[in-house]
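All chains are named by letter (A, B, ...) in the order of the sequence lines, taking the proteins before the strands, and each is independently numbered beginning at 1.
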Protein chains: 2
Amino acid sequence: MINFMDLSIGVLSKQVGCKVPTIRYYEQIGLLSKPLRTNGNQRRYTQMHLQELAFIRHARELGFSIDSIKQLIAMNNDYEANSSGHLADEIAIRHLKKIEKKIEQLSLLRDEMKTMLVACAEGKSHNCQVMNILSDHQLCEHDHS
Amino acid sequence: MINFMDLSIGVLSKQVGCKVPTIRYYEQIGLLSKPLRTNGNQRRYTQMHLQELAFIRHARELGFSIDSIKQLIAMNNDYEANSSGHLADEIAIRHLKKIEKKIEQLSLLRDEMKTMLVACAEGKSHNCQVMNILSDHQLCEHDHS
DNA sequence: TATAAAACCTCTAGTCACTAGAGGTTCAAG
DNA sequence: CTTGAACCTCTAGTGACTAGAGGTTTTATA
């Protein structure tokens with residue numbers, strides 16, 4: 001039963017800030033529930049869908065993988081799992097650790113890039129130091145990542 | 001003319017710390033020069049290849065895209081472009097800015113995740129705050145990225 | 001009412017940087 | 001000589017989208 005207040009995919013896209021093809025993609029991979037269709041086969045979304053998609057977008061923007069989001073949604077749909085412990089915050093803690101590790105790695109990279117650019121500025125020579133420093137990495141330890 | 005000192009792909013892989021399929025991939029996309037082959041069609045790499053691959057790996061580990069690395073290598077091969085200015089460090093500066101922006105975004109995300117987990121710990125309620133906070137994002141401004 | 005443009009649809013394939021696996025050949029060691 | 005390791009090409013998959021072809025439906029305007 002489609003309600004005149006239901007949203008076309010374009011309207012939903014604008015309200016949530018998620019591209020139309022991405023919404024279709026989410027439905028295809030089973031992340032977002034399928035909406036009802038008009039007689040012309042167009043999707044019409046309810047406010048429930050809007051909240052569902054907003055949840056997904058928020059989690060994606062926080063860097064959760066689609067798989068983690070599926071788990072979160074499954075937990076939300078399963079009242080028993082919800083009451084059996086804080087599985088959602090375990091997922092979030094795991095994710096926070098990933099973010100913190102990524103920040104650490106990027107900070108090391110930033111420092112290395114800055115060092116390289118400082119050397120490049122001081123070099124002032126004909127051969128650019130960026131190239132030299134990248135080339136100077138041969139046979140070194142491989143623990144950058 | 002293959003020299004007995006030339007390296008098989010497996011040896012090169014170990015010395016540079018780059019997987020065999022990735023080495024083949026780099027050759028396929030034109031990033032790494034093609035080596036000579038044995039009569040049995042096996043690749044044999046010179047020390048020049050080793051330096052070339054080390055350069056590529058270093059740049060990749062620093063987060064340069066393959067396209068940027070292609071540009072850097074092209075500049076290295078073109079003496080005139082090399083002498084016409086510090087194009088390599090312009091690429092590096094551009095890249096540094098990307099890294100710094102990414103760190104900033106991740107730091108915001110980390111802070112948001114921490115806030116969420118603190119709320120979750122204090123909540124102690126039946127409904128986990130991670131789910132609630134993700135759900136509370138509806139119709140907000142979309143400037144997370 | 002007719003028309004044209006906008007918005008919708010499915011499907012296929014591409015993006016980026018790899019990665020995996022099938023099915024075969026060559027090399028090296030015992 | 002035999003066997004296992006290392007090599008080869010080729011195709012397709014990974015994750016999270018994104019693009020485009022070719023078509024249908026909806027909407028707004030004259």
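Here the C1' atom of nucleotide D:dC17 and the CD atom of A:E61 are 14 Å apart, to the nearest Å. Straight-line distance from the CD1 atom of A:I56 to the P atom of D:dA16: 13 Å, rounded to whole Å. Following rounding to the nearest Å, A:K70 (NZ) and D:dA16 (P) show an atom-to-atom distance of 9 Å.
Between D:dT18 and A:T22, a contact under 4.0 Å exists linking OP1 or OP2 to a side-chain N or O. Dashed line: the shortest gap from a side-chain N or O of B:S8 to OP1 or OP2 of D:dC7 is under 4.0 Å.
Heavy-atom contacts of chain A under 4.0 Å fall on DNA chain C between two terminal nucleotides, which in 5' to 3' order are C:dC8 to C:dT10.
With DNA chain C read from its 5' end, the first of the two nearest nucleotides for B:R60 and B:N41 is the one closest to B:R60. Between A:Q42 and B:V20, the residue anchored closer to the 5' end of DNA chain D is B:V20, taking for each the nucleotide with the nearest heavy atom. Mapping A:N39 and B:V11 onto DNA chain D by nearest heavy atom places B:V11 at the nucleotide closer to the 5' end.
Between the side chains of A:S33 and A:E52, at least one donor-acceptor pair of N or O atoms lies under 3.5 Å. Side-chain contact, B:H95 with B:E100: no donor N or O sits under 3.5 Å from an acceptor N or O.
Looking only at distances, no side-chain donor or acceptor of B:R110 sits under 3.5 Å from a matching main-chain atom of B:K114. Between the side chain of B:T115 and the backbone N or O of B:D111, at least one donor-acceptor pair lies under 3.5 Å. A donor-acceptor pair is defined here as one N or O able to donate and one able to accept, closer than 3.5 Å; such a pair exists between the side chain of A:S107 and the backbone of A:I103.
Taken residue by residue, residues 24-31 of chain A places heavy atoms nearer than 4.0 Å to DNA chain D at A:Y25, A:Y26.
Take A:K34 and apply the salt bridge (charged side-chain N to carboxylate O under 4.0 Å, His left out) test, not counting sequence neighbours, and it matches A:E27.
Direction of the helix axis in the helix from C:dT1-D:dA30 to C:dG30-D:dC1 shifts by 0° between the two five-pair termini, rounded to 10°.
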Listing, residues 67-75 of chain B side-chain donor-acceptor contacts under 3.5 Å, not counting sequence neighbours, or none:
residue	atom	partner	partner atom	Å
B:S68	OG	B:S65	OG	3.2
B:K70	NZ	B:I29	O	3.0

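Heavy atoms only, all atoms of each residue included: A:L50 and A:L7 are closest at CD1-CD1, 3.5 Å. Annotation for B:I99 and A:L106: closest pair CG2-O, 3.6 Å, computed over non-hydrogen atoms.
Legend: ring-ring contact (aromatic ring centres under 6.0 Å, His included) pairs involving residues 18-45 of chain A, not counting sequence neighbours, sorted by first then second residue: A:Y45-A:H49.
Going from atom CZ of A:R60 over to atom CG of A:L31 covers 9.5 Å, rounded to the nearest 0.5 Å.
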